[in-house]
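Lettering follows sequence order; numbering is per chain, from 1.
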Amino acid sequence: MRSSWADSVAAAETAAAGSTANNSSAGNNSARTRSTYVPPHLRNRAPSSDPPAPVYSSSTSGTDGSGYGAPAGGNRWGGPRNDYNNRSGYSSGGRGGGWNNRTGGWDRGREQEVNPFAGIENAVEEVGEQENSGINFDAYEDIPVETSGDNVPPAVNTFAEIDLGEALNQNIRRCKYVKPTPVQRHAIPISLGGRDLMACAQTGSGKTAAFCFPIISGIMKDQAAQRRPRGRVAFPLALILSPTRELSMQIHEEARKFAYQTGVKVVVAYGGAPINQQLRELERGVDILVATPGRLVDLLERARVSLEMIKYLALDEADRMLDMGFEPQIRKIVEQMDMPPPGVRQTMLFSATFPKEIQRLASDFLASYIFLAVGRVGSSTDLIVQRVEFVHESDKRSHLMDLLHAQKANGVHGKQALTLVFVETKKGADSLEHWLCMNGFPATTIHGDRTQQEREYALRSFKSGNTPILVATDVAARGLDIPHVAHVVNFDLPNDIDDYVHRIGRTGRAGKSGLATAFFNENNASLARPAS
DNA sequence: AAAAAAT
């Protein structure tokens, strides 16, 4: 039996207390050198005390609009951040002109930063005021949060309280983040303070921003991050590991938004995609590398990536990675290559649960860490309406059909009523998808037997509402943040209650309400009562 | 028993 969240909290408090007690001052040195809180009345001014960090010096006069063609007054690029521009592989000089000119001389590939805000979410029409931000902030009030450890930095209530820099603040506005989510309120000050962090929280709670903001801000402020020669070996400053390719892609997309026009370069590497393109991307320079463990080990063995310069390490969905048997790869990456040890680098470990194996990982990877547990947002108990229906195996398809027809009849537009159907097997996914299509319901499927290209296409097609039904195996169960999933159907029940919770967590995201239906029959007897 | 992940 897995430990519950409450157990995790309890267990972790002892663990965290024990691990921090003997090592209270280590790892704090970097914290002192970072700049800190700026009171509200001093914000949006040039921080005169810190001339060498000019990123923060100008808030551009123009409203930035699309991000392109905006730097009229500011010229963030040409000016003060030359060190950075050079380092990340942009040619220096003529910056402003080149930037505004999309067909300019050097816009092949990604040499030009693509505006990440022209994203897929625009494909789905926004409804109503509340949805514009994508997050229902009211749902975040009264989320239980626990922290433990030595000298926990106080939480913040607004982004403005945190000195993230103007470029990052602008991206936060572009993302329409109004105020920090609970995990952000606590985790960002902890990370900005240079402390290691063990956090129990789910994706969709704002976790990605919680670890990206401090990393990006830290890289921007780091005077020591001088330009390095570009070459065959890439030297990322930050590494983000995640269990599945799609989750890595998603983190990469988000991180690119947060890093837009900061000069911080984010690159993603995962399997199933041609490695050459990823190698080229790495050669152009990388600050933050987002990767799945297998592909990263490959890159390390080819000596195309060195972890020598790593200052920030984030492990996302750590429990999932262990479940999937990645512990050897992860230990190899973190402990047996050239990555700086705990205390020298800064490490953030995120996990939905906190069982023994994760506790061990935490004590091995983290130094003097702070434990943070954030209650679930849109948890199974409040925002997701759950139904369990007894359906014989042979009736499942027609029953699903009834549900889909009812949904249609309720006048939900195809575009917004995305339905995610979980099945047990890859074969089952294929055949159900086929059957749905045959019966007039545009569906697609995602599972581990499909090529990466097919998987990515399926996800895009689903998100855009093109095929508003996605049949999935557990590859999609955790972490994926798909907006507008109105209904999760557990066509086949998962074997494990944790998986169930994660699956239905695909709906009711970001504080919106959702519906979850599970088909239950005699085959699932083992789930009906705790089988221990 | 199944799923995921490097080729």
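A/Ile288 has its side chain within reach of A/Ile216: a pair of non-hydrogen atoms, C-beta onward, lies under 4.5 Å apart.
Ion pair A/Lys257/A/Glu253 not flagged as a salt bridge, since none of the NZ, NE, NH1 or NH2 atoms sits closer than 4.0 Å to an Asp/Glu carboxylate oxygen. Ion pairing of A/Asp287 with A/Lys265 is absent here, as no side-chain N (NZ or NE/NH1/NH2) approaches a carboxylate O to less than 4.0 Å.
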**Message:** Walk along nucleotides 1-7 of chain B from 5' to 3' and tag each nucleotide B, S or - by protein heavy-atom contact under 4.0 Å, base first, then sugar-phosphate.
**Reply:** BSSBBBS
**Message:** With side-chain contact (heavy atoms from CB on, under 4.5 Å) as the criterion, how do A/Glu393 and A/Phe519 come out once you've worked through the C-alpha distance, each side chain's angles and the decisive distance to 0.1 Å?
**Reply:** CA-CA 9 Å; A/Glu393 207 60 40; A/Phe519 295 173; over 6 Å; no
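Using cut-offs of 30° and 60° on the angle between ring planes, the pair A/Phe258 and A/Phe213 is perpendicular.
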